[in-house]
Amino acid sequence: MPELPEVETTRRQLLPICKGETIADIKIHQPVLLKNCDAEEFRYQLIGRTIDDIDRLSKYLIFRCGEVFPVVHLGMSGVFLKDRADSKYPKHIHVEWTFESGKQLFYQDMRRFGKIWLYKEYPVFEKLGIDPISQTLTVERLNELLQKRRTNMKLFLMDQQKLSGIGNIYASEILFESGILPHRETTSLDDKEIKLLYDKIHEVLQWAIDNFGTTYSAYQTVNGEAGKMQTYLKTYQRAGDSCKRCDGIIEKEVMGSRSTFFCRSCQF
DNA sequence: TCTGACCTGCGA
DNA sequence: TCGCAGGTCAGA
């Protein structure tokens, strides 16, 4: 389930494979993934272009290819895979990129929730909230966002129009590390809790990036390996297990149609 | 503001 | 065979 750390890991691993490569061919097996152009237009605009760089904005990957910018959202199960001589052709490959050097790159998406756009100028996502590890997010800005919308903390962290990049797994982990119950109202946090929340948002996301993200089902790195962060998660998918910090038991509750994991003994 | 649909594989 | 997993968005 690609959240910010998984997308950033993907970006870092794509760079040495793609940067400076010129696109020789693109095969699109699932045109439905393309959201603002058809397959012909996508191929026409990109074949012959060189990938100059890859940016990440929250959960979006922005490829810089001269004057055109393909943008990819990995959805729930989207992954980029580099070609491996020893492997069979993987299932659910929807887009194949071939470079002039002969290297290949595959976009695989088992559940087809991923999306691809093509922009002819650098894209601006007006509805997207602040990238939580960008310098734009300060303690003061976080406080403003918390006061702006009266909801519970779990839904706040997952609201992509406020903070964009945190998903279900890291929302539970961030709240656990902050000692804040997911049910708490955003306006109920005091200054000390807001500062701690700010620190833990950075700490948890950076920790996950350092460990190449979390693999539970579909996610794998560009090199075809699993992430390592699932080893360190303290709440996600641990309902009924003992808390790693106190004597409590990890509970599970559905909030906003998503499973939420927490410990009542050390989150208040 | 909230809920359900989209989608496929896995485990009970 | 059915429920569950969850990011996003349309519709209520």
Side-chain angles (χ1 to χ4, degrees), chain A residues 1-11 28-36 56-62 71-81 88 90-95 106-117 123 125-132 145-175 182-187 204-205 208 213-220 224 226-227 229-230 233 235-241 250-262:
Chain A
M1 299 110 199
E3 301 182 31
L4 187 154
E6 288 76 27
V7 179
E8 177 59 20
T9 301
T10 300
R11 187 190 75 85
I28 298 166
H29 305 299
Q30 277 290 350
V32 72
L33 293 173
L34 299 172
K35 294 301 164 187
N36 64 350
R56 180 194 57 76
L57 181 63
S58 67
K59 299 174 189 171
Y60 295 82
L61 288 168
I62 304 168
V71 173
V72 178
H73 189 295
L74 301 173
M76 291 286 302
S77 56
V79 288
F80 278 100
L81 296 171
K88 291 180 185 171
K91 282 177 77 178
H92 307 294
I93 296 296
H94 303 323
V95 184
F106 302 101
Y107 176 71
Q108 182 191 50
D109 193 347
M110 183 182 77
R111 289 157 82 174
R112 284 190 252 163
F113 283 2
K115 297 180 179 72
I116 300 175
W117 298 262
F125 303 100
E126 286 172 357
K127 286 187 176 177
L128 215 55
I130 300 174
D131 187 301
L145 292 172
L146 286 164
Q147 306 309 322
K148 217 172 178 177
R149 189 182 162 202
R150 205 179 170 87
T151 181
N152 69 49
M153 285 304 300
K154 174 70 186 317
L155 294 183
F156 170 78
L157 286 179
M158 290 186 61
D159 184 346
Q160 304 299 303
Q161 293 186 33
K162 299 291 178 293
L163 293 178
S164 58
I166 300 170
N168 202 40
I169 296 176
Y170 298 118
S172 286
E173 293 299 312
I174 288 166
L175 288 171
H183 316 73
R184 284 273 298 278
E185 279 204 11
T186 52
T187 51
V204 170
L205 295 178
T214 299
T215 294
Y216 260 103
S217 53
Y219 172 71
Q220 53 185 313
M229 188 60 189
Q230 62 280 5
L233 298 181
T235 61
Y236 184 75
Q237 294 291 15
R238 296 196 64 246
D241 291 353
I250 300 297
E251 294 180 41
K252 173 180 162 182
E253 201 172 296
V254 175
M255 297 173 83
S257 311
R258 296 290 178 262
S259 298
T260 302
F261 302 85
F262 57 94

Separation of C/dG7 P from A/K154 NZ (nearest whole Å) = 8 Å
Specify the separation, in whole Å, of atom CG of A/L33 and atom C1' of B/dC7.
-> 11 Å
Does A/K148 NZ have over 12 foreign heavy atoms under 6.0 Å away?
-> no
Base, sugar-phosphate, or nothing for A/K252, non-hydrogen atoms under 4.0 angstrom?
-> sugar-phosphate
Closest-nucleotide ordering on DNA chain B, the 5'-leading residue of A/D109 and A/T151 = A/T151
Could you check whether A/S259 gets within reach of a base, just the sugar-phosphate, or nothing at all, counting any heavy atom under 4.0 Å?
-> sugar-phosphate
A/E126 CD to C/dC9 P, in whole Å, measures 14 Å
According to the interplanar angle, ranging from 0 to 90°, do the rings of A/Y60 and A/W117 count as parallel (below 30°), tilted (30 to 60°) or perpendicular (above 60°)?
-> tilted
Do A/R258 and C/dG7 share a donor-acceptor pair, side chain to base, under 3.5 Å?
-> yes
Within the pair A/K59 and C/dT8, is there a side-chain N or O less than 4.0 Å away from OP1 or OP2?
-> yes
How about A/Y107 and A/L33: do any of their side-chain heavy atoms sit closer than 4.5 Å?
-> yes
Whole angstrom value for the distance that separates P of C/dG7 from CE of A/M158 = 5 Å
Between CG of A/D159 and C1' of C/dC9 the distance, given in whole Å, is 13 Å
NZ of A/K127 versus P of C/dC9: gap in Å, rounded?
-> 8 Å
Checking A/V32, A/I116, A/D109 against A/H94 for side-chain contact (heavy atoms from CB on, under 4.5 Å), the one that qualifies is A/D109
Between atom CZ in A/F125 and atom C1' in C/dC9, what is the gap in whole Å?
-> 15 Å
Touch class at under 4.0 angstrom, heavy-atom based, for A/K91 against every strand present = sugar-phosphate
Check whether any side-chain N or O of A/H73 sits under 4.0 Å from OP1 or OP2 of C/dT8, and answer yes or no.
-> yes
Nearest-Å distance for atom pair CH2/C1', residues A/W117 and C/dG7 | 11 Å
Establish, with yes or no, whether the OP1 or OP2 oxygen of C/dT8 is under 4.0 angstrom from a side-chain nitrogen or oxygen of A/Q160.
-> yes
Within the pair A/H92 and B/dG9, is there a side-chain N or O less than 4.0 Å away from OP1 or OP2?
-> yes
Tell me, with the steps shown, if A/R258 and A/K154 meet side chain to side chain contact (heavy atoms under 4.5 Å, CB included).
-> CA-CA 10 Å; A/R258 296 290 178 262; A/K154 174 70 186 317; 4.2 Å; yes
